[in-house]
Structure formats: C-alpha cells, structure tokens
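All values reported here derive from a predicted model rather than from experimental measurement.
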Amino acid sequence: MSVKEKIYERFLDGSLAQKDLVQICKILEIPYREKNRLFPILRELCDENKIFAVDGVYGTSEQLGLIQGTVTGNERGFAFLTPKDNARFENDLFIPKKNLHGALHGDTVLAAKLQTYGDEVQVVQIVSRGYTQIVGTFRRDRRAGYLIPDEKKFSSDIYIPLSECSHIKNGVKAVAKITDYPYGKSPSGEIIEVLGDEDDFFAEELSIIRSYELYETFPAHVEKDADRHERRGIKSDDLQGRTDFRDERIVTIDGEDTRDIDDAISLKMENGEYVLGVHIADVSHYVTHRSPLDDEAYKRGTSVYFPDRVLPMLPRALSNGICSLNENEDRLALSCIMRIDEKGNVKGSEIVESVIRSAHKMTYTEVSAILDGDKQTSEKYADVLDMVRLFTDLTHILQAKREKKGSVTLEVKETKIFFNKENYEITIPDYDRPFSYQIIEAFMVLANETVAEYMQSIDAPFIYRIHEKPNEEKATAFRAFLTSLGVKNRFNVTDIKPYDYKNVLNAAKDTPYYSVVNRVMLRSMQKARYASENVGHFGLASDCYCHFTSPIRRYPDLCIHRIIKEILHGGYEQAQIRYGDFVDSAAAQSSAQERKATDAERDVDDLYKTMYMNERIGEKYQAVISGVTSFGIFAELDNTIEGFIPVHTLYGEYEFDKDRFTLIGRTDKFTLGERLEVEVTDVNFERRRTELKLLRKLPTENDV
C-alpha cells in the first residue's frame with residue numbers, strides 16, 4: 001500500500017477527519033518543518049475528490065458535511081444553491097459572490113456551510129459544469145471576441161479568441177461551445193452556429209430554441225433509415241397476424257394544420273353496448289428497440305411545438321408519412337377495442353395489432369359545425385353523421401362518470417397562437433375550447449386507462465403516467481388562500497382526495513374568483529411525470545394511467561407499444577429481460593425532456609405574445625386580475641395574454657396583504673378575480689412582458 005493510500009485509509013477510519021495540516025502532521029508523527037512532504041499528497045487526494053479542504057480543514061465529503069446541489073446564479077453576481085437532498089434542506093442556500101470560487105449558473109457543486117451564517121455556504125468543489133454550450137450576442141473588439149449570454153443568471157461572458165471569430169459579424173445572435181473553464185478567468189469557447197442579427201425576431205426565437213439544446217435536423221443516418229421505411233411502404237407480410245379493420249368506419253379528428261396523425265377512432269352500438277375503437281399508429285413496427293431511430297427518439301423524448309414550426313421526435317418521413325394515419329391510406333396500428341355500458345363502465349376490452357384505413361381526416365372545427373347543425377358540413381360527412389352523434393352521447397356518459405369519481409377538471413386557459421408564414425401575421429384569438437376537443441380527450445383518456453390497468457394486472461414492465469397528490473406544504477398554503485377569499489374548503493391537507501379539489505371548484509364556480517382558484521389550484525399540485533411504478537393519477541382521479549395514444553410524438557407511448565406487442569406475441573419473460581430496467585431510465589429521460597419542451601414552448605409563446613401586443617400599444621381591453629404582488633398587478637386579457645400594471649402607476653399609496661393577495665389603499669383595493677379595463681402602454685422584449693395601464697374597475701358578474 002502506497003503512502004497516499006495509507007493516509008486516505010486514516011481519513012476513512014476517521015482519525016484524520018476534520019483536522020488541519022498541523023494536526024495531521026502531529027497524528028502522523030511528521031515534523032511540521034517537513035510538511036512539504038505531506039502537502040502534495042493531500043492536494044493529490046483533493047484533486048481526486050477523495051477528500052476536500054474547507055478553511056484549511058481536511059476530510060471526506062461526509063465528514064465535512066458538504067452539501068451537493070445546483071447553482072442558480074443572479075445577474076448581480078451572487079447565487080443560490082438548491083440542495084440535492086431537499087428532505088434535509090427545505091430552502092435554497094445563499095452563496096455570496098466571493099464564495100462561488102469559479103462556479104457559475106447551472107453547475108453542480110459541493111458546498112460547505114459557513115459557521116457564522118445560518119443559510120450561507122461556500123463552494124468547495126465543482127462536480128460538473130451546467131453548460132457545454134450557450135446562446136447569446138456576439139461582440140468583437142481589436143483584441144478578442146465575446147459572447148454575452150442571453151441567460152442573465154450566467155454571470156460571465158464567453159471569451160472567443162480573435163483567430164476563431166474574425167469572420168463573424170459583430171452583433172449577431174450565436175451559439176458558443178464552451179471549450180474551457182480556466183480558474184479565475186472567463187470561460188473560453190468557439191462559435192458553432194450563427195443564428196441571425198440580434199434585432200431579428202426569428203433569430204431571437206431560434207436563440208430560445210437553441211438555449212434548450214433543441215434542433216430541427218436529424219443525423220444523416222437517422223434520416224436515411226426513416227426514408228427507407230417510407231419508400232418501402234406497407235407490404236403483404238406486414239399484415240400477417242393483424243386484425244383487419246379496413247372495412248370499419250374509422251375517422252381522425254385533429255386541428256386544421258395537423259400533419260402527424262397518430263390516433264383514429266371508431267364507434268358503434270352492439271347488443272346495447274358501445275363498441276369504441278381507439279386505433280393508434282404502430283410506430284414501433286418501424287422504430288425498433290435500440291435502433292438509430294430509437295436512440296434519437298429516446299434522446300429527444302417528445303416533439304416540441306412552436307407557433308411557426310414543429311421539432312418532431314421522429315423524422316418527417318415517419319411522423320408525417322408512413323406512420324401518420326392519413327385519410328384513405330392503409331396504415332399499421334395498435335388498436336384498443338372497448339365494450340362500454342350505458343353508465344360508462346368498460347365491460348370488456350382487447351388490444352390487437354391491426355391494419356386500418358381512415359375514411360376521413362375531420363377537424364375539430366368541422367365536428368363542431370356538425371354538432372351545431374351546419375348543413376354543408378353535415379352533407380360532406382353524411383356517411384359518419386350517426387357515428388358523430390354516438391361520439392357525443394358516449395362523451396357525455398364518460399364525462400359524467402369521471403365527474404362522479406372526482407376528476408379535477410381545471411379550466412386553465414391555454415393560449416392559441418397562429419402564425420401565417422405568408423404575411424408574417426400573428427393571430428391570438430379569445431380562448432375557446434369546443435366540445436369536439438372533449439370527444440377526443442374522453443376517448444383517449446379511457447384508452448390510456450384501459451391499457452394501463454391491463455398491463456398492471458399482469459405485472460409487466462411498464463411506463464405509467466403518474467400524478468401524485470399535493471404535498472402538505474402546498475396544500476396548506478392553498479387552503480389559506482381559499483379561506484382568505486371566503487371559498488368553502490374542508491379538506492385534510494395530509495391526505496387530499498381528488499373529490500376534495502372538485503368540491504373546491506364547485507364552491508368557487510359562481511364567484512368572480514373562479515378562474516384564479518383554478519390557476520392557484522394548479523400551482524398547488526405536483527407535476528405529472530412518468531414512472532415505472534404506478535401510484536395513480538390524482539388529477540384524473542384514476543388508479544392507473546399511462547400514455548398510449550401518441551407514439552409519433554411521445555417516447556413513453558412508443559416504448560410501451562413495444563412491450564405490449566412483445567406480450568401479445570407470448571414474450572412475457574422476454575419483455576421482463578429486455579425492458580425491466582429500461583423502463584426506469586426511459587421514464588426519467590422522458591420526464592426531463594417533457595419539462596424542457598414545456599419550458600421552451602412557454603418562452604417562445606411569450607416572445608410571440610410580446611410581438612403581438614407590440615402592434616397593439618394604445619388599445620383597450622377587458623382583463624381579470626390574475627396575480628397581485630407588492631410591486632404591481634398581473635391582469636389576464638380574454639385572449640389569455642397576461643400583462644402587468646406597475647404599482648407606481650396606480651393612484652395613491654398601497655400596502656400588500658400577502659395572505660389575501662390584495663393591494664390595499666386608502667380608498668380602494670385590488671384583489672384576485674376582479675375585472676378591469678386596461679390599456680396597453682408598452683412591451684418589454686427582454687422580459688417578454690406586456691405593460692398595462694389601469695383605466696377603471698369593471699363590475700363583476702355578481703355585481704350586475
């Protein structure tokens with residue numbers, strides 16, 4: 001055993017733990033004047049992350065009580081540490097600028113608590129860097145180039161050697177690959193992509209997309225594989241062993257601009273029961289486990305949707321081509337056939353590999369027109385009118401059953417942004433969610449539930465869609481909020497049931513606070529995610545749920561299709577071997593990619609909203625107060641865009657009551673749910689926020 005190994009053993013047995021150099025010399029019987037023999041060994045152990053030094057004291061991570069976490073920077077130079085062990089540390093810890101020791105926003109670090117300050121820490125070791133590339137604005141002078149990051153929390157510019165950037169135009173938006181993090185200096189890097197001029201709207205949009213490391217293009221070998229499948233088409237041997245539904249009346253219902261159609265439906269009555277078929281594109285026939293296509297789909301996790309583009313999970317040869325359930329074309333599918341009684345109970349079901357041919361590509365608008373009695377649309381779809389009426393009847397039945405179970409149906413408005421590429425016009429209509437959307441939602445939810453219940457019953461490896469109940473802290477805060485509004489609530493914060501939240505929504509239904517209660521309720525809930533262990537879905541009041549219906553755009557759906565087909569072919573043991581461990585990593589990866597996609601979509605939507613409202617400065621709108629802070633009021637317009645009224649623009653002085661979410665003045669007050677008339681005064685492109693001016697309060701529905 002070497003001297004270094006012997007010294008490390010003494011740290012592990014605790015005899016050298018939390019000792020300084022003088023004490024270590026004494027324990028090892030080394031004269032202090034010969035400390036230079038010892039110091040290089042200690043430094044080498046520190047470089048190997050076997051021991052650490054904090055204020056001259058040495059020890060292992062555990063002995064020194066080091067805290068692992070992620071750094072969240074601030075543009076003023078200081079930062080916060082979010083500990084990995086959130087059970088031990090409920091709140092973030094403060095890192096002064098001088099104690100960052102080279103750590104930057106996004107880095108994973110080990111930190112030590114400062115003895116004199118309760119919530120203050122210093123960085124001891126940078127475990128891993130958070131950024132390998134970053135987006136920003138390029139600047140160049142006579143000495144060097146610099147990328148100024150768009151992410152303001154990343155408090156350092158990226159140094160670009162002049163020899164690497166002399167050809168790059170000053171002031172463009174660009175992506176830099178970080179090549180080195182020299183201690184005490186700015187990170188250095190190289191420009192790997194120029195996105196466009198800094199004042200160009202689409203360059204700004206692309207900057208947001210690249211900041212999440214999202215890309216439109218696929219590797220050449222992946223595109224080639226997809227093209228091969230599309231060129232081959234469907235052959236007779238692909239149909240072997242499949243149930244043939246091509247003579248069934250099957251339709252798809254999607255948005256007008258949808259190209260990746262992965263679900264189709266059929267419905268008929270037999271012996272007093274509804275026979276519902278949910279037919280899903282059999283993507284797994286083309287994207288096999290561990291193939292190049294599968295590796296790329298796993299990495300992406302999901303398709304990402306923006307107003308002017310889609311970043312698909314799979315190449316378009318598959319997503320818009322051979323896998324898409326296009327009208328009047330034979331397509332391979334995985335079908336879930338359910339027999340449902342008049343109360344909405346599934347009396348029997350089966351999952352089969354199938355071949356289908358969609359009779360019509362219907363749109364939500366067309367189905368709504370049929371339900372509204374539009375003669376022209378009804379004539380166009382005369383052959384499926386009876387089935388559309390059955391859709392309506394069964395949807396009402398399923399909704400009533402789910403309502404009785406306590407499903408939490410939140411009415412949180414989602415912004416619909418339409419972008420016309422021909423004239424670059426942005427349109428954001430007032431919020432509308434027609435019944436035709438609810439038809440597809442009800443049928444897909446039922447299929448997802450039916451498939452999950454079957455797979456759980458046979459204890460197969462699987463990816464569930466889970467939604468845990470709200471935690472006690474958030475539930476307590478939500479109950480206090482409801483009490484401050486006078487909304488009836490009697491739930492147990494330690495054991496909330498879905499019907500408790502349903503009762504809250506019912507109690508708030510006829511109050512001016514209803515939309516705000518929906519929003520705050522959503523914030524009180526956990527985020528839905530994917531997991532290999534089932535714990536149920538709180539929001540849907542479902543004991544067992546999965547995502548089965550969108551394998552073109554979601555990886556979990558694609559993964560479970562493979563498992564289902566393996567089991568349909570009698571390969572239960574093979575499925576256990578092949579997917580037993582894989583479902584854990586796939587669930588974690590898919591959840592992470594879903595969060596990334598959601599954040600990217602939100603940020604790009606905010607950019608479009610800002611551009612849209614920039615053309616409407618001076619216009620007046622009605623709005624509802626959706627948030628109240630000490631520095632102003634957030635107000636949501638009928639088109640779902642949220643603007644901000646700074647408190648200094650209000651007449652008089654106001655105090656903020658945080659418990660009631662209310663600004664209180666001498667003669668007036670502003671609280672959640674109140675209606676206002678506002679004027680658009682400005683937009684802030686950096687914050688992607690619309691500035692409003694209060695014109696007057698409007699009477700609420702209860703006042704009329």
Point to revise | Identified side-chain hydrogen bond (donor to acceptor under 3.5 Å, both in side chains) counterpart of Lys173 within the set Asp200, Asp197, Asp199, Asp150 | key: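 Checked Asp200, Asp197, Asp199, Asp150 against Lys173; only one passes side-chain hydrogen bond (donor to acceptor under 3.5 Å, both in side chains): Asp150.
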
Quick one: do the [X] and [Y] side chains pair a donor with an acceptor below 3.5 Å?
X	Y	result
Ser266	Glu248	no
Tyr274	Asp393	no
Thr365	Glu256	yes
Thr415	Tyr608	no

Closest non-hydrogen atom pair, [X] against [Y]:
X	Y	result
Ile617	Asp682	CD1-CA, 4.1 Å
Glu223	Pro315	OE1-CB, 3.6 Å
Met313	Arg300	O-CD, 3.7 Å
Ala586	Ile463	CB-CD1, 3.8 Å
Pro429	Lys416	CD-O, 3.4 Å
Ser591	Tyr530	OG-N, 3.0 Å

Do [X] side-chain atoms and [Y] backbone N/O form a donor-acceptor pair below 3.5 Å?
X	Y	answer
Arg402	Leu540	yes
Asp244	Arg246	yes
Thr640	Glu414	no
Lys421	Asp308	yes
Glu327	Lys361	yes
Asp557	Thr549	yes
Arg242	Ile356	no
Arg554	Leu558	no
Ser291	Val287	no
Glu601	Tyr305	yes

Please say whether more than 12 non-hydrogen atoms of neighbouring residues, nucleotides or ligands are located less than 6.0 Å from [atom1] in [X].
X	atom1	value
Asn328	CG	yes
Arg433	CZ	yes
Glu619	CD	yes
Tyr424	OH	no

**Study point:** Arg232 to Tyr286, cation-pi by 6.0 Å centre distance and 45° axis angle
**Key:** no

Does the side chain of [X] reach to within under 4.5 Å of the side chain of [Y], using non-hydrogen atoms?
X	Y	value
Val604	Pro307	yes
Arg616	Thr690	no
Thr427	Asn420	no
Leu692	Thr681	no
Ile265	Val251	yes

**Study point:** Derivation and outcome, side chain to side chain contact (heavy atoms under 4.5 Å, CB included), residues Val355 and Ile234
**Key:** CA-CA 10 Å; Val355 55; Ile234 297 176; 5.7 Å; no

Can you tell me how far [atom2] of [Y] sits from [atom1] of [X], rounded to the nearest 0.5 angstrom?
X	Y	atom1	atom2	answer
Gln399	Lys401	CD	NZ	13.5 Å
Arg602	Asp599	CZ	CG	4.5 Å
Ser542	Lys405	OG	NZ	5.0 Å
Ile322	Leu332	CD1	CG	7.0 Å
Lys299	Glu213	NZ	CD	10.0 Å
His229	Leu318	NE2	CG	6.5 Å

Would you call [X] and [Y] a salt bridge, using N to O less than 4.0 angstrom?
X	Y	answer
Asp238	Lys235	no
Glu403	Lys502	yes
Arg465	Glu594	yes
Glu353	Lys565	yes

**Study point:** Tyr545 ring center near His467 ring center (under 6.0 Å)
**Key:** no

Check your understanding: Between Tyr501 and Phe538, does the ring centre distance come in under 6.0 Å?
Key ->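 Ring centroids of Tyr501 and Phe538 are less than 6.0 Å from each other.
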
Point to revise | Trace of the side chain to side chain contact (heavy atoms under 4.5 Å, CB included) decision for Arg309 with Ile209 | key: CA-CA 11 Å; Arg309 71 191 77 187; Ile209 293 171; 3.9 Å; yes

Exercise for review: Would you check, one step at a time, whether the test salt bridge (Lys or Arg N to Asp or Glu O under 4.0 Å) holds for Asp227 with Lys224?
Suggested key: CA-CA 5 Å; Asp227 291 340; Lys224 184 178 179 181; over 6 Å; no

Review point. Pick from Leu390, Leu398, Thr392: which one makes a side-chain contact (heavy atoms from CB on, under 4.5 Å) with Leu394?
Key: Leu398

Review point. Of the options Glu642, Met613, Gln622, which is the one that meets Leu637 in a side-chain contact (heavy atoms from CB on, under 4.5 Å)?
Key: Met613

Review point. Step by step, would you call Ser284 with Asp282 a side-chain hydrogen bond (donor to acceptor under 3.5 Å, both in side chains)?
Key: CA-CA 5 Å; Ser284 63; Asp282 187 0; 2.9 Å; yes

Point to revise | Sole residue of Phe306, Phe202, Tyr612 in ring-ring contact (aromatic ring centres under 6.0 Å, His included) with Phe419 | key: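 Running ring-ring contact (aromatic ring centres under 6.0 Å, His included) over Phe306, Phe202, Tyr612 with Phe419 returns exactly one hit, Phe202.
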
Exercise for review: On the 0 to 90° scale, with breaks at 30° and 60°, tag the Phe548-His561 ring pair as parallel, tilted or perpendicular.
Suggested key: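 Tilted: the ring planes of Phe548 and His561 meet at 30° to 60°.
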
Check your understanding: Tyr298 vs Tyr555 aromatic rings, parallel, tilted or perpendicular, using cut-offs 30° and 60°?
Key -> perpendicular

Practice item. Could you walk me through whether Ile641 and Tyr621 pass side chain to side chain contact (heavy atoms under 4.5 Å, CB included), step by step? Key: CA-CA 11 Å; Ile641 290 177; Tyr621 291 88; over 6 Å; no

Exercise for review: Output, in order, the C-alpha distance, side-chain angles, deciding distance and verdict of side chain to side chain contact (heavy atoms under 4.5 Å, CB included) for Phe582 and His289.
Suggested key: CA-CA 10 Å; Phe582 181 73; His289 187 53; 3.9 Å; yes

